[in-house]
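Step one of this worksheet: look at the structure below.
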Amino acid sequence: MGDVAKKNLFVDTEDLERMGISINNHDKLPDVIFFESLKNRLFLVEAVTSHGPMSPKRVNELDKMLSKCRFPKIFVSVFLTFSEFKQHLDKIAWETEVWILEKPDHMIHYDGETFLGH
């Protein structure tokens, strides 16, 4: 987990290495990475206030960087408001998820064959 001021605010390197994820200070990690052990999937969360949304370029970069990770990856863009989300509609990659703080009970799935990795 990190923020704009300190990208690697909290890093559990042991667990990440067990999942096949090696990290160095030069990597462009998303703001939050968390593992859901019940369904064995890795969530990669980008707060749009720090970078942009999970764009096709960003998803490709993360896929390459995490190529040794054996778990399905869920890419999530987080927005503060619906208005902010609308400003980025054309930049969000297909097969990703969107969560809007202003509407916390809902998620938007960018069409495809999978929803949250299913």
Side-chain angles (χ1 to χ4, degrees):
M1 180 171 13
D3 63 14
V4 176
K6 187 171 182 194
K7 190 64 180 166
N8 294 331
L9 192 60
F10 173 79
V11 179
D12 185 345
T13 52
E14 282 185 29
D15 278 346
L16 290 173
E17 286 175 8
R18 261 183 271 161
M19 289 187 275
I21 301 170
S22 62
I23 296 177
N24 63 46
N25 290 334
H26 304 289
D27 287 337
K28 292 182 166 185
L29 294 173
D31 296 309
V32 177
I33 298 175
F34 69 90
F35 181 70
E36 180 188 24
S37 59
L38 186 64
K39 295 186 178 180
N40 286 328
R41 52 192 182 172
L42 188 69
F43 283 79
L44 304 159
V45 182
E46 195 70 77
V48 177
T49 55
S50 62
H51 292 87
M54 287 292 186
S55 66
K57 179 183 178 205
R58 182 77 169 124
V59 169
N60 285 334
E61 287 172 352
L62 290 170
D63 261 338
K64 285 180 187 174
M65 185 171 67
L66 303 172
S67 63
K68 293 181 182 175
C69 178
R70 63 187 183 273
F71 300 104
K73 295 178 248 357
I74 311 298
F75 301 94
V76 183
S77 298
V78 175
F79 297 90
L80 293 175
T81 65
F82 196 78
S83 167
E84 183 184 18
F85 160 66
K86 290 192 298 186
Q87 295 174 22
H88 295 275
L89 287 172
D90 62 339
K91 298 176 193 98
I92 300 169
W94 294 111
E95 308 296 332
T96 66
E97 317 304 327
V98 172
W99 184 77
I100 304 169
L101 179 65
E102 189 175 64
K103 306 280 185 185
D105 294 338
H106 302 281
M107 285 191 82
I108 299 168
H109 171 65
Y110 262 62
D111 191 35
E113 296 182 19
T114 60
F115 178 67
L116 294 175
H118 296 290

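Closest of all the heavy-atom pairs between Pro53 and Arg58 is O-CB, 4.2 Å. Between Ile33 and Leu42, the closest heavy-atom pair is CG2-CD1, 3.5 Å. Nearest heavy-atom pair across Asn40 and Ser37 is OD1-O, 3.3 Å.
Here CD of Glu95 is found 8.5 Å from CD of Glu97. Values are rounded to the nearest 0.5 Å. The CD atom of Glu102 sits 8.5 Å away from the CZ atom of Phe82 when rounded to the nearest 0.5 Å. We find the CD-CG distance between Glu84 and Leu101 to be 10.0 Å, quoted to the nearest 0.5 Å. In this structure, the separation between CG on Asp105 and NZ on Lys103 is 10.0 Å, given to the nearest 0.5 Å. The CZ atom of Phe71 sits 12.5 Å away from the CG atom of Leu66 when rounded to the nearest 0.5 Å. Separating the CE atom in Met65 from the CG atom in Leu44 is a distance of 8.0 Å, to the nearest 0.5 Å.
Annotation: salt bridge (charged side-chain N to carboxylate O under 4.0 Å, His left out) contacts of Lys57 (sequence neighbours excluded): Glu61.
Using a 4.5 Å heavy-atom cutoff, the side chains of Val98 and Tyr110 are in contact.
None of Lys91, His88, Gln87 except one satisfies the side chain to side chain contact (heavy atoms under 4.5 Å, CB included) rule with Val48; the exception is His88.
With hydrogens and angles disregarded, a donor-acceptor distance shorter than 3.5 Å links the side chain of Ser77 to the backbone of Met54.
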Checking Trp99 against Val45 for the side-chain contact (heavy atoms from CB on, under 4.5 Å) test, could you report, in this order, the C-alpha distance in whole Å, the side-chain angles of both residues, the deciding distance, and whether it holds? CA-CA 10 Å; Trp99 184 77; Val45 182; over 6 Å; no
Quick one, Phe79 with Ile108, criterion side-chain contact (heavy atoms from CB on, under 4.5 Å). Give me CA distance, side-chain angles, the key distance, then yes/no. CA-CA 11 Å; Phe79 297 90; Ile108 299 168; over 6 Å; no
